[in-house]
Protein chains: 2
Amino acid sequence: MREGIPRRPTIIDVAAKAGVSKSMVSLVMRGSSDVREEKRRLVLEAADALGYRPNAVARSLVRRRTNMLGVVLSDLHNPFFTEVIDGIEAEAEDRSYRTIICTASRQSSAERRALDTLLELRADALILASPMIEMDAIARASAEVPVVLVARPSDSEAIDSVANDDPTGAALVVDHLVALGHRRIAHVDGGGGAGAAARSAGYVQAMQRHGLDAHVRVIPGSYTDEGGRQGVAALLASGERPTAIFVANDLAALGAMSELAERGLRVPDDMSLVGYDNTSLAAVRHISLTTVDQPRPQMGRQAVTLVLERLTRDRTTSRHILIPPRLVVRGTTAAPAVR
Amino acid sequence: MREGIPRRPTIIDVAAKAGVSKSMVSLVMRGSSDVREEKRRLVLEAADALGYRPNAVARSLVRRRTNMLGVVLSDLHNPFFTEVIDGIEAEAEDRSYRTIICTASRQSSAERRALDTLLELRADALILASPMIEMDAIARASAEVPVVLVARPSDSEAIDSVANDDPTGAALVVDHLVALGHRRIAHVDGGGGAGAAARSAGYVQAMQRHGLDAHVRVIPGSYTDEGGRQGVAALLASGERPTAIFVANDLAALGAMSELAERGLRVPDDMSLVGYDNTSLAAVRHISLTTVDQPRPQMGRQAVTLVLERLTRDRTTSRHILIPPRLVVRGTTAAPAVR
DNA sequence: GTGAAAGCGCTAACAT
DNA sequence: ATGTTAGCGCTTTCAC
């Protein structure tokens, strides 16, 4: 004779066992100071004996807040995001909020479901580290709870953002490569990824500024390993071979690197390569990728700060934090081979 | 005049607007078929007009189940875990469960908090991809909800597990290296990480089987990049230099690789190197690490299957899935240099 | 088919 | 300092 749903001890069971009211138990569980030491002990003992655990679901219902920050994570496999999460969790912990993560495998449909889940779960605020999702879904969410976008600029009044200045970052890359003597600099873009269009535009503009209009070449890619591989493949399949490739992010640059190696092209001897993000991957000795740094954990912390300002200090005007990017030169860039 | 907590439309608001009872709205929202088409339309329109979103908190409270699978994730930065998550999410989605993740930065205190959070949130079942947490905390959790351990063997009746056979995996590594001609094979272990002790023991036993007792050398490390670096540093600081190193996992092997490079040792020319897990990292062309494969997504799927068996089919006896490991030979192992 | 009513486990006034 | 009471927003009998 089993029940489908086993009952766990409730506040009432504890109250009965301790011989007090349930308000008493509630007070004790929440660490109230104005309760007599003796009662506190009684309650704690009863709770312990029963294996009582407060039901956050019930608490959230009555308090109408969950004390949870919901994070929509576009791509669990991209170190950029996991490093942003580090900052989010650290800051959330400091402010005694819990963080819960829903991931999305880089598909906008999955991101929308993750968003809906978090909204139904009544997360108090949302942090979207999620390039792909459509802006109007985000706008609708922001009508319900504070929302902040990470690594994707926003100009909406309702939605905060913390991002880096992508066009400037792209320009740093082009400037660096031009200074090394490169002229045929191609760009494998990030497809629909957040900031991809801005990086691409920055690249084009910088190329033009250097009078290299004729060498502008943008190849469609994505923010993944595979995107980089295919971008390089497409790049080498036709047209004059460039001497340098600026890939939309580190992960894709890694794919590009593998693809180049498989085709017998050495980096940087035959081809210079630059990524974006400065993830831990780029710093790995055997990869040693020249890239553009975004301060990932700091961006995570700021994201939390922004939504909590709306939540606890009722800020209603938007804040958009734009971080200046920084070039990190490593081993994948060099002067082009003399022809 | 603002309210501290903005009110969102409830089922009652929708009912009022649609001119029906809230039971009606409830039926419609849950897609019941026995409600007249006209009413359904009315309700749906009202809901849409109000921007109504069902409150999962309230639903969970009354249903006494949340339809959520809680995942405690030890280390977001280790691709092994994120690849396990892929499988978890895929299977959960197939069974229409939602997945929520709490991470723990590889500290057992953080893991315990993640566990508590998920339990208070009343996740219907728990998947622990969490090496460090103490067994008795897990045991207590398993009294409340079904729990499955991933990548960490369990022999408890109350706790399921899906793991690979670590001693055998370690033996595969030693056999491979011995076959290449290595004798001085050292092991940088995984510290307190799950399976670390078993891998280490497997290494020792395999070495003994090959009559290499005298060359057994275990250096303390951890399942991180840093663990591998320090392990190599310690290894080279004293004693006779080995010709091969078996590192506890891929992430640590990557750290080991960097450390070796910085000391001017070439892999595999001067030193063979083997990792464990066969994460995507190991497959990266510039890393090309010889390692032991664990079928990560499949393990994730099985973990979900196991807890759902307990949840929906009331299985009460334990199931412990042990997966045979498989050696993946890549570019970091070769015959030792002739001396 | 639809509505009324009784909770789910907790917190937050309000009494005392 | 402690108990009583009225919900939080929903699902679920049970009537009609």
Enquirer: Considering only side-chain heavy atoms of A:Ala58, which listed nucleotide, C:dT11, D:dG9, C:dG9, is closest?
Expert: C:dG9
Enquirer: Can you measure B:Arg65 atom CZ to D:dT11 atom P for me and round it to whole angstrom units?
Expert: 13 Å
Enquirer: Whole Å only: how far is the NZ atom of B:Lys22 from the P atom of D:dC10?
Expert: 9 Å
Enquirer: Would you mind reading off the distance between A:Arg8 atom CZ and C:dG9 atom C1', rounded to a whole angstrom?
Expert: 12 Å
Enquirer: Under the criterion side chain to side chain contact (heavy atoms under 4.5 Å, CB included), which of B:Ile159, B:Val162, B:Ile88 is the partner of B:Val148?
Expert: B:Val162
Enquirer: Between C:dG3, D:dT11, C:dC10, spot the one nearest the side chain of B:Val62, thanks.
Expert: D:dT11
Enquirer: Between the side chain of A:Thr66 and the main-chain N/O of A:Ser60, is any donor-acceptor distance below 3.5 Å?
Expert: no
Enquirer: Does the pair B:Lys17/B:Glu45 count as a salt bridge with the N-to-O cut at 4.0 Å?
Expert: no
Enquirer: Would you indicate which nucleotide in D:dC10, D:dT12, C:dC10 comes nearest to any side-chain atom of B:Arg63?
Expert: D:dT12
Enquirer: Indicate yes or no: does B:Asp160 engage B:Arg315 in a salt bridge with an N to O separation below 4.0 Å.
Expert: yes
Enquirer: Could you go through the salt bridge (Lys or Arg N to Asp or Glu O under 4.0 Å) check for B:Arg65 and B:Asp124 one step at a time?
Expert: CA-CA 6 Å; B:Arg65 30 191 269 97; B:Asp124 290 339; 3.6 Å; yes
Enquirer: Should A:Arg64 be listed as having a side-chain N or O under 4.0 Å from OP1 or OP2 of D:dC8?
Expert: no
Enquirer: Round to a whole Å and report the spacing from CD of B:Glu144 to P of C:dG9.
Expert: 14 Å
Enquirer: Can you spot which of B:Arg140, B:Arg112, B:Arg152 makes a salt bridge (charged side-chain N to carboxylate O under 4.0 Å, His left out) with B:Glu134?
Expert: B:Arg112
Enquirer: Expressed as a whole number of angstroms, how long is the span from B:Ile11:CD1 to D:dC8:P?
Expert: 14 Å
Enquirer: Starting from C1' on D:dC10, measure out to CZ on B:Arg59 and report it in whole angstrom.
Expert: 8 Å
Enquirer: Which ones in residues 24-48 of chain A lie close to DNA chain C, meaning a heavy atom under 4.0 Å from one of its atoms?
Expert: A:Ser26, A:Arg30
Enquirer: Quickly work out the A:Tyr52 OH to C:dG9 C1' distance and round it to whole Å.
Expert: 8 Å
Enquirer: Under 4.0 angstrom, heavy atoms only, what part of the nucleic acid is B:Val57 near: base, sugar-phosphate, or nothing?
Expert: nothing
Enquirer: Between A:Arg98 and B:Glu120, does any NZ, NE, NH1 or NH2 come within less than 4.0 Å of an OD or OE carboxylate oxygen?
Expert: yes
Enquirer: Any side-chain N or O of A:Ser21 below 4.0 angstrom from OP1/OP2 of D:dG3?
Expert: yes
Enquirer: Is the shortest side-chain N to carboxylate O distance from A:Glu37 to A:Arg40 below 4.0 Å?
Expert: yes
Enquirer: Decide salt bridge (Lys or Arg N to Asp or Glu O under 4.0 Å) for B:Arg53 and A:Asp116; before the verdict, give the C-alpha distance in whole Å, the side-chain angles of both, and the deciding distance to 0.1 Å.
Expert: CA-CA 9 Å; B:Arg53 183 185 301 278; A:Asp116 283 336; 3.0 Å; yes
Enquirer: Which protein N or O atoms sit under 3.5 Å from an N or O of nucleotides 13-16 of chain C?
Expert:
none

Enquirer: Rounded to whole angstroms, how far apart are CG on B:Leu61 and C1' on C:dG7?
Expert: 9 Å
